[in-house]
Structures are given as C-alpha cells and as structure tokens.
There are 2 protein chains.
Amino acid sequence: MPLLMLKDLPRYECLLEASREFPDLDPSATEVFLHLLRAGDEAFRVVEAHLAQHEITQGGFSVLMALWGQCQREGRELPLSPAALAERTGVTRATMTGLVDTLERDGLVRRAPDREDRRMMTVELTPRGERKLLKLLPDHFRQMAWLMAPLSETERKTFVRLLTKLLRRAGENDGRPAPETAVAAVVAGR
Amino acid sequence: MPLLMLKDLPRYECLLEASREFPDLDPSATEVFLHLLRAGDEAFRVVEAHLAQHEITQGGFSVLMALWGQCQREGRELPLSPAALAERTGVTRATMTGLVDTLERDGLVRRAPDREDRRMMTVELTPRGERKLLKLLPDHFRQMAWLMAPLSETERKTFVRLLTKLLRRAGENDGRPAPETAVAAVVAGR
DNA sequence: CTTTTTTCGTTAGCCGCCTAACTATTCGCC
DNA sequence: GGCGAATAGTTAGGCGGCTAACGAAAAAAG
C-alpha cells in the first residue's frame, strides 16, 4: 500500500483551503485518511525490511504464521489447504499458489495431495520452516514493540478502539453500490 | 500492504497467552500494530476499488495528484521531472518510469525532454489528464468522508495525533542498525 | 582542461497481487 | 446412476513495487 497521495502529507490549512474549491472535501476526514495510509505503509515497510533480513517476504511470513497458528491451536501439525490459507491471509487462491511455490522452493513448506478429496492439496510446515519461524518471531515481536513504544497503554486502547471503528466501516463497503454518485452506473453501462 | 498476519485479527486473550511463551511479545503493541495494518489495508482497498471504477490505479492517481498539486501551487503548469515525482510519491525512479509509461499510454500525461539539462525529462498533465482528475476528485473526497463518518471531530484529532506519533517513530527507523539483536550481524557476515 | 563522481532515466529481472480462464474432481439433484 | 453446478488448484497475462546495472550527461575535483 504505497502512497495513495503524496509522501509529504498536506498541512491542515491546505486542506481547509482546498475544501473551499471542492465542497466534497472533508478536511478532517481527509487528514485522518492520509495519515492512516501513510502510517500503515510506514509500519508495514519497517517490518517488511526487518523480515527481509531473515530472507523472507511478508507474504511468506503470513503463510507460515497461518500454518503455525493452526498447529499451535490444534495440538500438532494440522496442515491446511491452499484455499484455506488464502482465506485466512486474505489473498486469492491464485496468489496463494505463487506464495506456496516460493516457500516450497525454499524448503519451508511441503505440499501433499489430500487423501480424501483428490481436488485438494495439503500444505504443512517443514521442520526447517518451523525453525525459521521460531528464530525470527522474537525479533518480529521486538520490532512491533519498538514501533509502539511511544504510545502509552491508554493511548493504545484508544487507538485500537478507533481503528476498530474504521475497520467496521470499511467492512460495510463490501457489496455497497458505491457512494451516492452516478459514476458506477455509467461504468456499469459501458 | 496486504496482510502481514492473519485476516482475522487475534483476540487479546490469545496475545496474552502467547506472550507467556514469547517474552518479547508485547500484547498491546502487537494488537495496535495488527489493527493498524489491517485498517490501513482496508481503507486502501476501499479507495483503490473506487479509483478502479474511473479506470485509474492508485499509483497513477498519485502521480496525477503530484503534478496537479504542483500546478495549483505554482500558478500554472510547472512540469516535474520523473525523479521529483518519484521523490514526492515515495517510489523509486525505476517504478516511476513504469507509472509514467502507463499514464502516457493512456494520454493523461506527456513527456518532453528538458531544455536545459539533457539528462532530464519533464512530465506534465495533458488537458485530458486534468479533466479526468477533476472528474474523479469529488468522488474520491466523498469516499474518504464516508469512510471517516463514524469518527467525531474529537476522535479525528486524537487519531491524527496518535498516527503522527507512530509516523515519527517509524521515521527514526531509517538507517537504524536493526533492533538490539545479533541477526543483522549474522546476515551481514554471510 | 581532463578525470572522476554524481545524477538522470531506463532496462532487466524478481516477487506479490490481481482477474479470467482452464482442468479435474466432487456434490447435488433428478 | 448420470449430469449440471460448484469447488480446488493452477496457469496466463497484467500491473506495480523493488534492486541492480547501464549509458548519457552534468558537476566536482585535480
């Protein structure tokens, strides 16, 4: 999620001024939005760069976490199907094929055909994958803790509350026929 | 910035429990981090999907905004170099080449050699590009306003304050020799 | 005035993400 | 039992991000 607008966030006065030209521009909403995207991107890059030191990508890490979280909960080594992994990590099945390809090439994960349903595959952590995960997790946790260190416990609670509100709102968007505007209709009728 | 962890955010109790196994895991820090990335991603996807209805990508939009913001401020039509665009939008020059390629192919932007410095190019909005931007901006502004509607003005101020704290913290990361750990040295010595 | 260093834009190649289409298999309904 | 509908995984092709390397041009150093 790189930018969506400019690297240097606009000052509030500029937004206020622009809102005179564009009545639809809500200055405070825009300010929050831009800060949110920028902060999310920065936080993402910090962790991505850190994971890169362990020679693993963000996507690969997500898959390992999904597999490992699974085996933690279920006692031991319940492999998951690519479709289940895609669902849990929020990518398409096609994307998951590529991610598992890479992880399998690196020997962190193993594919095997499902015994009961011959359409399906199972994906599970290899011992090497588990070792790698256990080795990088403490660093990853420290990284998150370092990043959040400037926030007090109270601020963190508030932060999570606000983020949850937004998350819920964004979730309403699924299947929504676009905001009150004729554009969607025009595009659809193309 | 897709996932970095699981789509369904872990409950706080699970984080607490995990922190017993991993002393480095700060439950509240992790919770904020995961919510931030998820919320940023969701907000990004909402707007990206909306821009797609106008047949423009997030990257292309950023470039148009940079060019337009420039001509707004400078009176009229100061073109920018690819390097300046890259700097302002936070991508590499190589990426900017691709973005400008696409925009030029679509006729929204025009390249021309710089008269004074023969290494450089200039990129400027075409009339079509400006029309497109002016047409989609109101929708874009409405989208942001809709997304932030659940937050009161007070909450927005708080939100921006917290996000700014994080932004500053993430900025400290540039050039930092990784958090107190031996991993970086190991990798570097490889 | 030459030589070295820096800067510019581009290219090549990798990865992750998407959609659309395809094959194979299973499910559900007659 | 058989046949259409749904599902699993993959493939193909596109875009956007990155790094590394390049040639051309300008700037700095000598």
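Bear in mind the structure is a predicted one, so any value in this text is a computation, not a measurement. Chain letters run A, B, ... following the sequence lines, proteins first and then strands; every chain starts at 1.
- Map Arg118(A) and Gly60(A) each onto its nearest nucleotide of DNA chain C; the residue landing nearer the 5' end is Gly60(A).
- Each of Arg105(A) and Ala83(B) has a nearest nucleotide on DNA chain C; the 5'-most of these lies closest to Ala83(B).
- Within the 4.0 Å cut-off from OP1 or OP2 of dG17(D), not a single side-chain nitrogen or oxygen of Arg45(A) is found.
- OP1 or OP2 of dG16(C) sits under 4.0 Å from a side-chain N or O of Thr57(A).
- Atom CG in Asp101(A) sits about 12 Å away from atom C1' in dG16(C), given to the nearest Å.
- Arg93(B) comes within contact range of at least one nucleobase, with a heavy-atom separation under 4.0 Å.
- When rounded to the nearest whole Å, the span between CD of Gln58(A) and C1' of dC17(C) equals 10 Å.
- Mapping Met120(A) and Ala94(A) onto DNA chain D via the closest heavy atom, the residue that lands nearer the 5' end is Met120(A).
- Contact annotation: side chain of Arg119(A) to base of dT7(D), donor-acceptor pair present below 3.5 Å.
- The residues Arg38(A) and Glu42(A) are annotated as salt-bridged, a charged nitrogen and a carboxylate oxygen being separated by less than 4.0 angstrom.
- A sub-4.0 Å separation between OP1 or OP2 of dG16(D) and a side-chain N or O of Thr95(B) is absent.
- Comment: Arg45(B) engages Asp41(B) in a salt bridge, judged by a side-chain N to carboxylate O separation of less than 4.0 angstrom.
- For the pair Thr97(A) and dG9(D), the criterion of a side-chain N or O lying under 4.0 Å from OP1 or OP2 is not met.
- Taking atom CD of Glu116(B) as the reference point, atom P of dT7(C) lies 19 Å away to the nearest angstrom.
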*What do the steps show when you test Leu67(A) against Glu124(A) for side chain to side chain contact (heavy atoms under 4.5 Å, CB included), and what is the final call?*
CA-CA 7 Å; Leu67(A) 287 170; Glu124(A) 60 181 341; 5.5 Å; no

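- Between Arg156(B) and Glu153(B), at least one side-chain nitrogen of the basic residue sits less than 4.0 Å from a carboxylate oxygen of the acidic one, meeting the salt-bridge criterion.
- Arg115(B) places its CZ atom 20 Å from the P atom of dC8(C), with the value rounded to the nearest Å.
- No side-chain donor-acceptor contact under 3.5 Å links Arg142(B) to the backbone of Leu137(B).
- Atom P of nucleotide dG14(D) and atom CG of Leu99(B) are separated by 17 Å, given to the nearest angstrom.
- Atoms CD (Gln53(A)) and P (dC18(D)) sit 18 Å apart, rounded to a whole Å.
- Taking atom CG of Asp114(B) as the reference point, atom C1' of dA26(D) lies 12 Å away to the nearest angstrom.
- Between Arg111(B) atom CZ and dC8(C) atom P the separation is 16 Å, expressed in whole Å.
- Distances shown here put a side-chain N or O of Thr102(B) below 4.0 Å from the OP1 or OP2 atom of dG16(D).
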